[in-house]
Amino acid sequence: MLDIRFVRERTDKVIDALKKRGQRTELLDKFLGIERERRDLLREVEDIRQTRNRLSQEIGRMKKEGRDATDILTEAKTISDQITAKEEKLRELENGALQELLLIPNIPHESVPVGKDETENKEVRVWGDKPQFTFEPKNHWDIGENLGILDFERAGKIAGARFVIYKGPGAKLERALINFMLNLHTKEHGYTEIFPPILVNRNAMTGTGQLPKFEEDLFKLADERGFLLIPTAEVPVTNIHREEILDEADLPIYYTAYTPCFRREAGSYGKDTRGLIRQHQFNKVELVKFTKPEDSYKELEMLTGNAEEILKRLELPYRVVSLCTGDMGFSASKTYDLEVWFPAQGKYREISSCSNFEDFQARRADIRFKRKGKKGTEFVHTLNGSGLAVGRTFAAILENFQQEDGSVIIPDALRHFMGAEKISKK
RNA sequence: GGAGAGGUGGCCGAGUCGGUCGAAGGCAGCCGCCUGCUAAGCGGUUGUGGGGGUAACACUCCACCCAGGGUUCGAAUCCCUGCCUCUCCGCCA
């Protein structure tokens with residue numbers, strides 16, 4: 001959520017941002033209209049309240065002195081009724097203004113390339129050598145099924161499409177990846193490990209920006225409390241500090257969390273219907289940071305580097321792209337995607353998305369900090385990134401390390417966790 | 001699931017029959033004074049959000065004592081609902 005005052009006073013910047021994102025500016029006009037009305041009425045209500053407060057005090061005083069206050073009491077009653085009526089209207093306007101404001105996306109950082117869609121993203125750097133095969137490389141789902149470590153068909157029986165069963169060395173590889181990632185981030189990158197709730201309430205989802213706009217992407221429980229399944233650990237982990245005022249000395253805070261993630265993938269019918277790329281349930285290790293505003297872009301570079309380190313140690317070729325204004329997520333000011341090489345498809349595919357949200361989420365979730373010796377509070381900046389999506393990493397390993405006989409070599413960094421150098425057919 | 005207790009400022013904690021209560025007191029913090037140093041002591045000061053106002057301060061008004069309703073001229077104080085916490089019993093991985 002943007003600052004109301006900023007939207008009011010720097011409307012030009014908001015319009016510019018919406019245009020760069022390829023969005024229409026109508027929602028802004030609607031907001032400004034309601035906001036104008038809201039502010040006028042607010043002033044009116046406050047004036048009447050002031051009168052009422054004065055009269056009430058007067059009544060109290062008179063009663064104490066034993067004098068008759070009927071006249072003034074009648075007057076106060078009239079005024080009070082006025083307030084009730086206007087307050088109701090005011091509440092409607094406040095609510096309306098907020099609802100509109102929650103639909104306005106974040107302002108892209110000046111360094112973000114302007115563009116309409118993913119074709120205009122900017123490649124920032126490329127790492128690693130793509131593997132050369134003397135045979136036709138297979139898709140990861142074929143490799144996995146042939147080795148008996150992935151079972152999409154039986155998963156369909158027990159859950160449905162877009163689910164998978166990992167089996168034997170497959171299940172172990174998934175677990176090894178999670179451990180490897182968490183160990184690296186906690187031991188070498190300074191993150192504190194978190195294991196959060198994976199069911200959350202609507203407030204948490206609104207705090208990080210999934211709601212109200214992206215409701216159709218989420219799984220909901222039928223339970224009357226309305227729990228939602230998290231689509232990413234970003235939600236519970238960022239909301240850890242919701243409605244808190246942190247100490248300047250506490251910042252920056254680094255958290256990492258492994259969680260399963262759940263996405264409905266509504267609207268992606270027909271896309272990536274096979275394999276591990278797009279599942280309703282998948283594992284992810286997430287990185288989350290809370291920083292001071294002046295540090296957040298430096299921290300974004302570091303966070304992205306932390307995620308890249310996983311790919312480097314797994315010897316997976318990848319590239320980093322800076323998302324353009326038209327392709328960037330709703331809440332982000334700047335986003336780097338890490339894309340790993342998939343030989344069978346002959347292209348790079350997203351495996352991590354690292355973003356700086358500046359104070360957009362912090363304002364929604366009300367996460368502030370206090371500077372030593374300074375009056376007042378400021379919103380922190382929040383950042384997060386996948387470090388990494390585990391299922392996609394699994395898939396990338398199968399494809400990049402496949403051998404002609406159908407077996408898969410385990411990258412060095414994982415052998416310690418796997419207790420094996422290779423997965424072969426039994 | 002059953003029975004009870006409670007949710008007040010950064011923290012602890014008081015709020016009488018509803019009436020200058022944004023809220024006593026303590027701790028912590030900040031600024032002075034005192035002091036050979038440290039400790040103690042003395043005086044002052046310190047919430048958040050929003051509106052108006054200002055070059056910026058100042059100033060001023062409104063709201064906020066878990067959340068949302070209600071009663072009332074007026075509610076931290078009374079009533080209702082929800083959420084959360086704690087204690088005891090039961091059940092359970």
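Bear in mind that the values here come from a model prediction, so they are computed numbers and not experimental data. Letters A, B, ... mirror the listed sequences (proteins, then strands); counts begin at 1.
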When you measure from the side chain of [X], which nucleotide among [options] comes out closest?
X	options	result
A:Arg49	B:C62, B:G74, B:G51	B:C62
A:Arg368	B:G49, B:G52, B:G19	B:G49
A:Asn53	B:G19, B:C62, B:G50	B:C62
A:Glu46	B:U48, B:G74, B:G51	B:G51

Go ahead and name the base partner of [N]; Watson-Crick or wobble counts if both distances stay under 3.5 Å, otherwise write none.
N	answer
B:G49	B:C62
B:A55	none
B:A76	none
B:C17	none
B:G22	none
B:G43	B:C31
B:C86	B:G4
B:C37	none

Closest non-hydrogen atom pair between [X] and [Y], with its separation:
X	Y	result
A:Lys425	A:Asn146	CE-O, 3.3 Å
A:Asn239	A:Ala204	ND2-O, 2.8 Å
A:Ala344	A:Lys138	CB-O, 3.3 Å

Base, sugar-phosphate alone, or nothing: which one does [X] contact when heavy atoms must sit under 4.0 Å apart?
X	result
A:Arg202	nothing
A:Thr74	nothing
A:Gln50	sugar-phosphate

Gap between atoms [atom1] and [atom2], on [X] and [N] respectively (whole Å):
X	N	atom1	atom2	answer
A:Leu55	B:C62	CG	P	12 Å
A:Asp40	B:G51	CG	C1'	11 Å
A:Asp247	B:C11	CG	C1'	13 Å
A:Glu248	B:G29	CD	P	17 Å
A:Glu44	B:G50	CD	C1'	17 Å
A:Arg242	B:C84	CZ	P	15 Å
A:Glu94	B:C64	CD	C1'	13 Å
A:Leu41	B:A63	CG	C1'	15 Å

**Report entry** 5'-most by nearest nucleotide on RNA chain B - A:Ala76 or A:Leu42
**Finding:** A:Leu42

Requested in this report: Would you mind telling me which residue lines up with the more 5' stretch of RNA chain B, A:Arg91 or A:Arg61, judged by nearest nucleotide?
Outcome: A:Arg61

Taking the same atom, [atom1], in [N] and in [M], what whole-Å distance lies between them?
N	M	atom1	value
B:G22	B:U77	C1'	15 Å
B:G74	B:A58	C1'	32 Å
B:A56	B:G15	C1'	40 Å
B:U45	B:U85	C1'	34 Å
B:C84	B:A67	P	15 Å
B:G50	B:G2	P	43 Å
B:G9	B:G68	P	15 Å
B:C12	B:C73	P	37 Å

Ignoring backbone atoms, establish whether [X] has a side-chain N or O less than 4.0 Å from OP1 or OP2 of [N].
X	N	value
A:Arg5	B:G51	yes
A:Arg39	B:G52	yes
A:Ser80	B:G74	yes
A:Ser56	B:G18	no

Report task. Salt-bridge test for A:Glu188 and A:Arg313: reply yes if a basic N is under 4.0 Å from a carboxylate O, no otherwise. Result ->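 Looking at A:Arg313 together with A:Glu188, the answer is yes, because their closest N to O distance falls below 4.0 Å.
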
How about [atom1] on [X], more than 12 heavy atoms from neighbouring residues, nucleotides or ligands closer than 6.0 Å, or not?
X	atom1	answer
A:Lys292	NZ	yes
A:Lys13	NZ	no
A:Glu153	CD	no

Query raised in the report: Please walk me through it: do A:Lys271 and A:Glu265 pass salt bridge (Lys or Arg N to Asp or Glu O under 4.0 Å)?
Result: CA-CA 10 Å; A:Lys271 255 195 225 165; A:Glu265 297 297 346; over 6 Å; no

